[in-house]
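Contents: one structure, followed by commentary.
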Amino acid sequence: MNTPSHFQAVYLDHNATTPVCDAARQAALTVMSDCFGNPSSTHSEGLVARQVLDQARAAARAALRVSQGNLIFGSGATEALHTAVFSALLHCRTQRQAGHATGRRLVYGATEHKAVEQALRHWNQHLGLHLDICALPVDHHGQHDLQVLAQWLPETALLCTMAANNETGVVSDLDGIEACLKANGQHTLWLVDGVQALGKLPLHLARRRVDYAAFSGHKLYAPKGVGLLYVRPGTPYTPLMVGGGQEAELRSGTENLPGIAAMGAVLQQLARAEVLTDLTVLAQRREQLLAALQACLGPVHLHAPLAISLPTTLNFSVPGLSSKTLMNWLDAAGIQVSAGSACSSSKGLGSPVLRAMGLSPQAQDGAVRLSFGPLTPQADIDRACQRLRDCSATVPLLPRDNPQTATEESAVCAAPSAPTQMQPPPCLTWPQLASYLQQHPQAVLVDVRDPYEVAAAGPLQVGAHTAVNWPWSTGCTQASNAIGNQRPLVVFCRSGGRSAEAAHHLAAQGWRQTVHIHGGLALRDRALP
Ligand code: PLP
């Protein structure tokens with residue numbers, strides 16, 4: 001078993017956000033240093049900035065292959081989705097006020113990003129429409145039920161369907177949906193969330209009768225805070241924000257030019273080919289990762305058929321392991337993935353997407369999403385596979401093999417709750433730790449992660465100190481009298497959550513000089529701005 005304590009982690013959570021690629025970074029830096037003007041200014045600095053903006057829009061037009069219609073830059077996909085929903089619903093209200101019939105339903109795919117459902121609810125309420133908001137069911141593969149759609153469409157004012165799902169990677173049957181719209185929904189407006197598909201699948205916006213399409217820069221190598229809305233010619237549109245009249249009066253507010261230029265640089269690459277990397281190459285990389293996961297973890301339960309999923313996404317579970325256990329272990333092994341979407345994983349909520357697909361509670365509870373990007377180098381895929389091979393001996397044992405893991409989830413719940421009346425133990429940052437250890441050479445480093453995480457990552461060493469492992473999942477029961485309670489304890493874990501609770505508990509047990517590390521191992525040696 002090879003467990004080096006320092007290895008470079010592989011980031012495989014691209015559906016949450018991607019790193020910024022060189023072309024995008026360079027474009028943003030050039031704008032910030034050399035083309036800092038305001039595109040609305042009429043002096044030459046402003047004209048240069050205007051040119052940057054025009055070039056980015058031209059790149060978007062070429063990348064999306066739409067010669068007509070509006071392409072409006074904004075802050076991201078959430079804004080684009082809201083603008084589309086607001087425009088469609090306002091149009092609906094105007095029609096109704098003029099005595100024209102409109103559908104009484106607003107329909108969204110049951111596995112849409114929650115920004116879609118929330119935008120529908122928000123504007124339906126605030127525009128006083130009170131239409132029926134209906135979740136279009138999906139089958140157990142995650143694809144829309146087109147029979148139900150066909151029944152609902154004659155009464156549907158707005159239909160929202162994503163091109164590809166952020167959690168499972170399932171690709172929607174846009175051709176099938178369009179055929180339904182042609183047959184049954186002539187007057188229905190159609191919004192497509194193209195966030196996860198851009199750069200990975202051809203979207204054919206011009207030949208499809210998509211009315212609105214939303215995109216996000218940070219899902220495709222541009223920075224966060226920039227996005228794009230496509231609006232088909234003749235489709236109802238009302239700006240969400242008015243003011244200085246930027247974006248041809250379609251979206252006011254001084255443009256985020258560094259972000260737009262960065263997104264433009266990526267779109268320029270897409271203008272040459274509709275996908276950033278050949279899809280068969282991406283599918284081979286996914287196969288390679290899947291084979292390495294299976295070799296390491298045993299049977300892996302896939303939650304979406306590979307044939308209808310983005311070739312960059314795997315959503316899976318390992319029977320008997322919770323997603324938290326699996327994620328913690330993969331993270332310790334140096335492979336960064338997520339449990340469900342970034343929004344739901346940070347809140348520890350179950351996945352509405354997997355629930356809508358009818359997955360068993362066990363599969364939902366164990367789901368992990370691994371996603372790479374179309375520009376992820378082969379070397380990163382190889383490194384992730386190598387890490388899996390190196391750490392295979394440290395895989396958390398399944399309950400039938402290991403009574404400790406069997407009770408792990410209940411042990412977490414049963415871990416003594418920290419007393420509430422005590423002052424919380426102080427929290428240190430990593431830079432503060434060095435001087436703390438100088439002042440307290442007797443201090444003991446206490447790693448409260450689970451043993452399989454420590455085994456995968458290797459024991460933590462800070463200077464002359466090597467950490468002891470007292471897992472919080474079993475209540476730090478290893479805390480021993482051998483370490484007298486006069487010795488200071490420095491408690492840490494992966495993210496700072498478990499260590500804060502454990503530190504409180506240990507302080508209450510008599511280790512009065514207990515501190516814990518803010519942000520956990522995730523922040524170690526990380527340069528923050
Ligand atoms: N739609 C999908 C499918 C997404 O994955 C996301 C981001 O997670 C969004 C919309 C929201 O995008 P943004 O973060 O740009 O607002």
Side-chain angles (χ1 to χ4, degrees), residues 3-21 166-169 196 218-221 223-224 282 285-286 288-290 292-293 296-297 300 303 310 312-318 321-348 351 366-392 394-396 430 447 449-450 452-458 460 492-499 517 519-528:
T3 54
S5 50
H6 286 292
F7 45 80
Q8 204 191 344
V10 188
Y11 179 78
L12 294 179
D13 194 16
H14 283 61
N15 289 9
T17 197
T18 59
V20 176
C21 69
N166 46 308
E167 278 186 51
T168 58
Q196 297 290 345
H218 77 102
K219 305 290 183 173
L220 199 69
Y221 300 108
K224 291 146 195 70
L282 298 178
R285 290 181 182 162
R286 181 180 60 178
Q288 186 186 341
L289 283 165
L290 179 58
L293 285 167
C296 175
L297 296 166
V300 161
H303 298 154
L310 289 175
T312 48
T313 303
L314 282 171
N315 191 306
F316 65 93
S317 53
V318 174
L321 291 184
S322 71
S323 60
K324 197 158 177 9
T325 300
L326 199 48
M327 241 196 70
N328 283 345
W329 177 77
L330 284 165
D331 199 78
I335 299 170
Q336 296 173 340
V337 298
S338 80
S341 71
C343 320
S344 57
S345 70
S346 64
K347 298 190 181 83
S351 158
V368 161
R369 173 186 71 187
L370 178 156
S371 55
F372 56 98
L375 296 181
T376 300
Q378 177 63 41
D380 279 13
I381 306 289
D382 293 342
R383 220 149 40 79
C385 294
Q386 188 59 46
R387 286 303 300 151
L388 287 169
R389 281 191 290 275
D390 288 348
C391 296
S392 58
T394 69
V395 171
W430 284 99
D447 185 345
R449 293 177 300 165
D450 279 310
Y452 53 82
E453 296 172 79
V454 181
L460 180 85
F492 68 90
C493 65
R494 185 174 72 86
S495 68
R498 286 173 285 182
S499 58
I517 302 289
L521 287 161
L523 299 190
R524 192 183 186 203
D525 297 333
R526 293 304 294 254
L528 301 176

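Scope of the values below: all heavy atoms of this structure, side chains included, with no hydrogens, waters or symmetry mates.
With rounding to the nearest 0.5 Å, the separation of OG in Ser323 from CZ in Phe316 is 10.5 Å. Interatomic distance, Asn166 CG to Arg369 CZ, rounded to the nearest 0.5 Å: 6.0 Å. How far CZ of Arg526 is from CH2 of Trp430: 13.5 Å, rounded to the nearest 0.5 Å. Taken to the nearest 0.5 Å, the CD atom of Gln336 stands 8.5 Å off from the CG atom of Leu12. Atoms CG and CZ, on Leu310 and Arg286 in that order, are 8.5 Å from each other to the nearest 0.5 Å. The structure places OG of Ser322 at 8.0 Å from CG of Asn328, a figure rounded to the nearest 0.5 Å.
When Leu297, Thr325, Val318 are each tested for a side chain to side chain contact (heavy atoms under 4.5 Å, CB included) with Pro396, only one passes: Thr325. Checked against Val454 for a side chain to side chain contact (heavy atoms under 4.5 Å, CB included), the options Asp447, Leu460, Thr394 give a single hit: Asp447.
At a threshold of 4.5 Å between non-hydrogen side-chain atoms, the residues Glu167 and Ser351 count as touching. Using a 4.5 Å heavy-atom threshold, the side chains of Leu388 and Ile335 count as touching. Side-chain contact between Cys296 and Arg389 is absent, with no heavy atoms from C-beta onward closer than 4.5 Å. Taking the side chain as every heavy atom from C-beta outward, Leu220 and Thr18 never approach each other to under 4.5 Å. Put simply, the side chain of Leu282 reaches to within 4.5 Å of the side chain of Phe372, judged on heavy atoms. With contacts defined as side-chain heavy-atom distances shorter than 4.5 Å, the pair Ile517/Ser499 does not qualify. Put simply, the side chain of Tyr452 does not reach to within 4.5 Å of the side chain of Val395, judged on heavy atoms. Side-chain contact between Arg494 and Met327 is present, with at least one heavy-atom pair separated by less than 4.5 Å.
By the side-chain hydrogen bond (donor to acceptor under 3.5 Å, both in side chains) test, Arg383 pairs with Asp380, sequence neighbours left out. Under the side-chain hydrogen bond (donor to acceptor under 3.5 Å, both in side chains) criterion, Thr168 pairs with Asn165, sequence neighbours left out. Looking at residues two or more places apart in sequence or on another chain, you find a side-chain hydrogen bond (donor to acceptor under 3.5 Å, both in side chains) between Thr313 and Asn15.
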Which is it for Leu290 and Val300 under the side chain to side chain contact (heavy atoms under 4.5 Å, CB included) test, yes or no, and what are the steps along the way?
-> CA-CA 8 Å; Leu290 179 58; Val300 161; 4.3 Å; yes

Could you go step by step and tell me if Lys219 and Thr17 meet the side chain to side chain donor-acceptor pair (under 3.5 Å) rule?
-> CA-CA 5 Å; Lys219 305 290 183 173; Thr17 197; over 6 Å; no

Could you go through the side chain to side chain contact (heavy atoms under 4.5 Å, CB included) check for Leu293 and Leu370 one step at a time?
-> CA-CA 11 Å; Leu293 285 167; Leu370 178 156; 4.1 Å; yes

For Leu289 and Cys385, what are the C-alpha separation, side-chain angles and deciding distance, and is it a side chain to side chain contact (heavy atoms under 4.5 Å, CB included)?
-> CA-CA 6 Å; Leu289 283 165; Cys385 294; 4.0 Å; yes

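Heavy-atom minimum distance, Arg449 versus Ala332: NH1-CB, 4.2 Å. Pairing each heavy atom of Asn315 with each of Ala367, the nearest pair is OD1-CB, 3.7 Å. In plain terms, the two heavy atoms of Cys493 and Gly497 that are nearest each other are SG-N, 3.7 Å.
Looking only at atom types and distance, the side chain of Gln386 has no donor-acceptor partner in the side chain of Asp382 under 3.5 Å away. A donor-acceptor pair shorter than 3.5 Å cannot be found between the side chains of His14 and Thr312.
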